[in-house]
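This report concerns only the one structure given below.
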Amino acid sequence: MARFLLGKVLVRELKGGLAVSRIVETEAYPVNDPAGHAFRGLTPRNRSLFLRAGHAYVYLCYGTSYLLNVSSEGPGTGAGVLLRALEPLAGIEHMRRTGKEIRLADLTRGPGRLAAALQVDRRHDGMDLFSRGPLWIGSDGAGVDSIGESIRIGLTKGAEARLRYFVAGNAYLSGTRRLNAKSA
DNA sequence: TTGGCGATTGGCT
DNA sequence: GCCAATCGCCAAT
């Protein structure tokens, strides 16, 4: 699922109009991953991870940032993919409408920032992202030439697994130079 | 009921 | 590169 989502188009219906972007960086949190929120079983917070593949799991991280994930294994099995970076394509003025001034290069770079730009929060938790609605993932999208891989970012548990995937060379990636090398 | 903690970010150096 | 901010969840009490 983490590889499948790369290059796909993510569409958000905002007040001013559609905000369209391309998924360029993901991280996988598979079944039985100690770093995954589903690891300790189903709870009220993480229930969306156990929905049929393609549903949104949104949670608040560090009390400051919402993070958007896509369930990848359900129904009944908890796993997901974190969206870490997007490439803005259209409706950029709508994404910028919120909050303070932010450079285009930083608008959707990083999991918390992309959720903020798209105004995604807990209200979107549990939504089916593979059917058209306020937030959905299009079936189309330009093909991805080359996929890079690295370890995941910001983990203490399961930190060594190479489960981060990105569109090689894309300008909107969130990792450091080292992690954005094609194989890190 | 409570204390520790986390899939982050932005400001400052 | 370092560090504080900030709050819901959950395991332990």
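In what follows, chains carry the letters A, B, and so on, assigned in the order in which the sequence lines appear, proteins first and then strands, with residues in each chain numbered from 1.
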- line: Under a 3.5 Å limit on both distances, the Watson-Crick or wobble mate of B:dG6 is C:dC7
message: Return the pairing partner of B:dG11 with a 3.5 Å limit on both distances, Watson-Crick or G-U wobble; otherwise return none.
response: C:dC2
message: Judged by each residue's nearest nucleotide on DNA chain B, which is more toward the 5′ side, A:Gly112 or A:Lys157?
response: A:Lys157
Would you kindly give the [atom1]-to-[atom2] distance between [X] and [N], to the nearest whole Å?
| X | N | atom1 | atom2 | result |
| --- | --- | --- | --- | --- |
| A:Tyr62 | C:dC3 | OH | C1' | 12 Å |
| A:Leu155 | B:dC5 | CG | P | 16 Å |
| A:His37 | B:dA7 | NE2 | P | 4 Å |
| A:Tyr59 | C:dG8 | OH | P | 15 Å |
| A:Arg40 | B:dA7 | CZ | P | 10 Å |
| A:Leu68 | B:dA7 | CG | P | 16 Å |
| A:Asn46 | B:dC5 | CG | P | 20 Å |
| A:Leu82 | B:dG6 | CG | P | 16 Å |

Which listed nucleotide ([options]) is nearest to the side chain of [X]?
| X | options | value |
| --- | --- | --- |
| A:Leu67 | B:dA7, C:dG8, C:dC9 | B:dA7 |
| A:Leu49 | B:dA7, C:dC10, B:dT8 | B:dA7 |
| A:Arg113 | C:dT6, C:dG8, B:dG10 | B:dG10 |
| A:Leu60 | C:dG8, C:dC10, B:dA7 | C:dG8 |

message: Within the 3.5 Å criterion, strictly below it, is a donor on A:Arg164 or A:Asn180 matched to an acceptor on the partner's side chain?
response: yes
query: Can you tell me if the side-chain N/O atoms of A:Arg109 get under 4.0 Å from OP1 or OP2 in B:dT9?
result: no
message: Are A:Ser183 and A:Glu149 packed together at the side-chain level, in the sense that at least one heavy-atom pair is separated by less than 4.5 angstrom?
response: no
- prompt: For A:Arg45, which contact category applies under a 4.0 Å heavy-atom criterion: base, sugar-phosphate, or nothing?
  reply: sugar-phosphate
task: Could you tell me whether the side-chain ring of A:Tyr29 sits stacked on the base of B:dA7, using a centroid cut-off under 5.5 Å and a plane angle under 30°?
output: yes
- request: Test the A:Arg45-A:Tyr59 pair against the cation-pi criterion, namely NZ or CZ under 6.0 angstrom from the six-membered ring centroid and within 45° of the ring axis.
  value: yes
- prompt: Within 45 degrees of the axis of the six-membered ring of A:Tyr29 and under 6.0 Å from its centre: does A:Arg152 put its NZ or CZ there?
  reply: yes
query: Does CG belonging to A:Asn32 count more than 12 external heavy atoms closer than 6.0 Å?
result: no
